Amino acid sequence: MKIGYPCINLTVDCRGNQTFRLKSYSEKKLSLTVENNLNCLLKMLQFNVKNNILFFRITSDLIPFAPHPVCKFDWLTHFKDQFAYIGSYVKKNSIRISMHPGQYIVLNTPIQSILDNSIADLLYHVDVLDAMELDTSAKIQVHVGGVYGNKEMSITRFCARYRDLPEKIRRRLIIENDDRSYSFSNCLEIHEELGIPILFDSLHHELKNEGESIQNAIAMFSRTWKIQDGVPMADYSHRRKKGAPYGHVDTLNSNYFKLFLEQTKPYDIDIMLEIKDKERSALKAIKVAWNDKRLIKAENVD
DNA sequence: CCCTGTCAAGTCACG
DNA sequence: CGTGACTTGACAGGG
């Protein structure tokens with residue numbers, strides 16, 4: 001078990017998700033921004049290793065506009081060495097990596113141009129992970145997509161689209177249950193069809209489910225991951241208090257998290273904390289999990 | 001320096 | 001029909 005947080009670290013003195021407006025695009029600006037973002041990514045990873053945080057989600061803003069037609073810059077070649085260096089740091093320290101592209105990736109869209117853009121965007125995410133030379137346990141998580149008034153047809157369309165994807169996307173792609181359209185059991189149905197792993201989101205499941213307990217859901221989603229996919233990933237968050245409206249909480253409630261750890265035993269999972277105060281909650285969570293036999297401890301290799 | 005309207009992109013719920 | 005929410009607010013121009 002590894003514990004992590006997404007994209008941004010509030011303690012280090014840099015920001016790894018720097019971007020800019022499309023109208024101010026220039027190759028120079030892109031290059032400087034990427035250089036900053038890569039340097040900061042390494043700093044955040046180093047902070048994490050020092051603090052036993054061995055799971056991290058890399059921001060989609062790492063290379064702003066990478067999948068956009070405006071971008072003609074060969075960033076993969078230009079930053080090849082930096083990517084390889086960060087990748088080697090990740091591997092030496094056994095850091096688990098994920099990425100979560102935005103809501104604009106919709107594989108089951110009926111519109112061809114949206115599909116094309118979605119695939120271009122997924123290829124960008126794949127390029128980042130491939131440039132770091134990470135194995136197939138580094139995942140890209142997406143939601144199933146739209147319903148378009150007919151969920152079964154939309155699921156069928158998702159499956160057809162998935163089968164047509166290039167292998168280098170398929171081996172990294174995983175689906176996440178959402179809180180509105182596609183529940184955990186809908187994801188299971190897709191898994192049965194495709195073998196695609198499911199990322200379990202605890203808060204989404206709380207908000208939309210078919211009555212499965214956490215324990216049951218954990219048991220079922222764990223089985224959707226093969227050896228080469230690595231340890232099953234879960235997103236964890238909770239509400240402010242019982243019955244409170246949705247919205248990411250400001251900081252982790254240690255008691256709720258402790259309960260979640262108990263509910264997920266004996267399954268090994270990597271847990272991403274989707275909580276506003278980022279690494280601070282990750283540190284709290286690691287404290288809570290410290291005596292849990294599942295927790296992996298960092299070794300600190302430069 | 002601080003404030004705030006706006007930001008590349010899709011879908012859906014809500015008023 | 002317009003707006004907000006979503007995986008993460010933050011850019012950038014105006015005062």
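Numbered from 1 within each chain, the chains take letters A, B, ... in sequence-line order. The structure displayed is predicted, hence computed values, not measured ones.
The NE2 atom of A/His143 sits 20 Å away from the P atom of B/dA9 (whole-angstrom rounding). What separates CG of A/Leu273 from C1' of C/dT8 is a distance of 15 Å, to the nearest Å. In this structure, CD1 of A/Ile8 is placed 5 Å from P of C/dG9, rounded to the nearest angstrom. Atom-to-atom, CG of A/Asp179 to P of B/dC12 comes out at 13 Å; the value is rounded to the nearest Å.
Side-chain atoms of A/Tyr124 come within 3.5 Å of backbone atoms of A/Ile63 as a donor-acceptor pair (strictly under, hydrogens ignored).
When the nucleotides B/dT11, C/dA10, B/dA8 are ranked by their closest atom to the side chain of A/Asn17, C/dA10 comes out on top. Comparing C/dG9, B/dC12, C/dT8 by their closest approach to the side chain of A/Val147 singles out B/dC12. Out of C/dC11, C/dT8, B/dA8, the shortest distance to the side chain of A/His68 is found at B/dA8. Out of B/dT11, C/dT8, C/dA12, the shortest distance to the side chain of A/Ile111 is found at B/dT11. Ranking B/dA9, B/dT11, C/dA12 by closeness to the A/Lys29 side chain, first place goes to C/dA12. In this structure, the nucleotide among B/dA8, C/dA10, C/dA5 sitting nearest to the side chain of A/Arg15 is C/dA10. Comparing C/dT8, C/dA12, B/dG10 by their closest approach to the side chain of A/Lys278 singles out C/dT8. Taking every side-chain heavy atom of A/Ile114 into account, B/dT11 is the closest of C/dT8, B/dT11, C/dC11. Distances from the side chain of A/Thr19 to the nucleotides C/dT8, C/dC11, B/dT11 place C/dC11 closest.
Pair assignment for C/dT8: none, as no Watson-Crick or G-U wobble contacts are both less than 3.5 Å. The nucleotide B/dA8 finds no pairing partner, because no Watson-Crick or G-U wobble arrangement with both distances shorter than 3.5 Å includes it. Taking a pair to require two hydrogen-bonding distances under 3.5 Å in either a Watson-Crick or a G-U wobble arrangement, B/dC2 pairs with C/dG14.
Classification of the A/Phe20-A/Tyr25 ring pair by plane angle, with boundaries at 30° and 60°, yields tilted. Classification of the A/Phe200-A/Phe184 ring pair by plane angle, with boundaries at 30° and 60°, yields perpendicular.
Within 4.0 Å (heavy atoms only), A/Asp235 reaches no atom of the nucleic acid at all. Residue contacts shown for A/Arg180 include a base, since a base heavy atom lies under 4.0 Å away. Across all strands, A/Val142 comes closer than 4.0 Å to no nucleic acid atom at all (heavy-atom distances).
The side-chain heavy atoms of A/Ile53 and A/Lys2, taken from C-beta on, include no pair separated by under 4.5 Å.
Residue ring and base: A/Tyr104 counts as stacked with B/dA9 (centre distance below 5.5 Å, interplanar angle below 30°).
Between A/His143 and A/His100, a ring centre-to-centre spacing shorter than 6.0 Å is recorded.
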